[in-house]
K.L.:
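Just passing along the structure, written as structure tokens.
Order of the sequence lines sets the chain letters (A, B, ...), proteins ahead of strands, with each chain counted from 1. Note that these values count all heavy atoms, side chains included, but never hydrogens, waters or copies made by symmetry.
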Amino acid sequence: MVLLTRKAEFSSAHYYWNDAWSSEENQRVFGRCANRNGHGHNYTLEVTVAGDVDPITGFVVDLKQLKDILEREVIQVYDHRHLNLEVPEFATRIPTTENIAVSIWERLDGKIPNAKLQRVRVYEMPDLFADYYGER
Amino acid sequence: MTHTLSSTASSSPAPRAYLSRRYRLSASHRLHTDAFSAEENRVAYGKCNNPHGHGHNYTIEVTLGGPVNPLTGMVCDLVALDAFAREHLLDRFDHQNLNTLPEFRSSVSTTENFTREVYRIFSAFPHAQLSRVRIEETSNNSFEYSGPDSNRKAEGI
């Protein structure tokens with residue numbers, strides 16, 4: 001088995017807010033991230049897949065195919081969008097880095113031919129990132 | 001647009017995710033052990049045995065794992081993590097000579113040992129479970145430690 005990782009980037013706006021809480025509680029828990037006008041990041045996505053190397057092509061997966069899947073399932077939905085307002089899963093889930101990783105996993109799981117999704121890593125900034133391995 | 005959070009929307013267990021944060025600090029050290037002769041130290045540690053020491057810009061990556069809290073969407077509070085790192089990591093090690101610190105009184109200040117020490121420190125972080133510490137000593141050398149019983153994690157599984 002070989003692991004293969006493909007990177008992609010998207011730039012999105014978001015804010016952190018829990019409607020079950022008062023405005024003061026949201027400010028206390030989320031600080032500057034609770035600004036309802038939103039703020040944004042350049043996210044870097046790393047998708048790692050695991051599979052056997054095809055003896056004929058020498059590939060785990062066709063990278064072009066993987067690139068197209070990431071583009072269709074994630075980048076076209078997230079890039080230059082307001083995650084809270086325009087991406088359906090974040091109507092019921094705060095778009096934290098952790099939840100973005102979980103959501104991207106759910107978008108990709110089962111859609112990559114001949115390989116198993118191994119890890120989704122989302123960098124919100126170079127010094128802050130979340131990993132999801134599909135664990136519950 | 002209004003929405004309610006998924007604490008009521010799903011009965012399946014919360015996803016378990018890992019949050020990693022990088023901190024930077026600069027420190028000097030000298031690799032030297034009293035267990036070796038001067039010549040043996042020179043052979044074992046090469047230029048790192050220079051008696052006057054040398055230094056690095058260390059990048060310290062701390063990874064915490066846990067269920068994503070359905071109310072906050074977070075594994076742990078980043079403000080609390082940063083405050084913990086400030087007090088227990090940066091204020092103690094940044095711009096210090098590692099060899100002069102009590103943590104390295106009885107162990108060589110290699111980045112292997114530094115990584116284990118940082119793991120010990122963040123094991124006490126009260127808000128999430130430490131999964132891994134990774135230190136880049138230079139852009140070419142990095143070291144990871146996931147605790148004494150964690151071959152599985154070290155393999156990235």
K.L.:
Do A:E71 side-chain atoms and A:K67 backbone N/O form a donor-acceptor pair below 3.5 Å?
P.N.:
no
K.L.:
Using a distance-only test with no angle check, is there a side-chain donor-acceptor pair under 3.5 angstrom linking A:T97 and A:E124?
P.N.:
yes
K.L.:
Please classify the contact between A:P126 and chain B as side chain, backbone, both or neither, with a heavy-atom cut-off of under 4.5 Å.
P.N.:
backbone
K.L.:
Hey, which residues of residues 84-111 of chain B are touching chain A, say heavy atoms under 4.5 Å apart?
P.N.:
none
K.L.:
Taking ring-ring contact (aromatic ring centres under 6.0 Å, His included) as the criterion, tell me which of A:F129, A:F10, A:Y123 meets it with A:Y43.
P.N.:
A:F10
K.L.:
Distance-only, no hydrogens or angles: does the B:T115 side chain make a donor-acceptor pair with backbone N or O of B:Y145 under 3.5 Å?
P.N.:
no
K.L.:
Side chain, backbone, both or neither: which part of A:W21 has a non-hydrogen atom closer than 4.5 Å to chain B?
P.N.:
side chain
K.L.:
Which region of B:L78, side chain (C-beta onward) or backbone (N, CA, C, O), has a non-hydrogen atom less than 4.5 Å from a non-hydrogen atom of chain A, or is it both or neither?
P.N.:
side chain
K.L.:
If only atom types and distance count, is the side chain of A:N26 paired as donor or acceptor with the main-chain N or O of A:N18 below 3.5 Å?
P.N.:
yes
K.L.:
Can a donor-acceptor pair be found, under 3.5 Å and without considering hydrogens, that links the side chain of A:H82 to the backbone of A:N84?
P.N.:
yes
K.L.:
Where along residues 22-50 of chain B does a heavy atom come under 4.5 Å of chain A, listed by residue number?
P.N.:
B:R22, B:R24
K.L.:
Would B:D82 and B:R21 pass as an ion pair if we require N to O under 4.0 Å?
P.N.:
yes
K.L.:
Looking at A:T48, A:D131, A:V122, A:V102, which one has more heavy-atom pairs under 4.5 Å with chain B than the rest?
P.N.:
A:D131
K.L.:
Under 4.5 Å between side-chain heavy atoms, hopping through other hydrophobics if needed: is there a path connecting A:V2 to A:V120?
P.N.:
yes
K.L.:
Side chain, backbone, both or neither: which part of B:V75 has a heavy atom under 4.5 Å from chain A?
P.N.:
both
K.L.:
Run the salt-bridge test on A:D68 and A:K64 with the 4.0 Å N-O cut-off and return the result as yes or no.
P.N.:
yes
K.L.:
Give a yes or no on whether the backbone of A:R81 and the side-chain of A:Y78 come within a donor-acceptor separation of less than 3.5 Å.
P.N.:
no
K.L.:
Would you say the ring centroid of A:H41 lies under 6.0 angstrom from that of A:H39?
P.N.:
yes
K.L.:
Within the side chain of A:R119, is there an N or O that forms a donor-acceptor pair under 3.5 Å with the backbone of A:Y133?
P.N.:
no
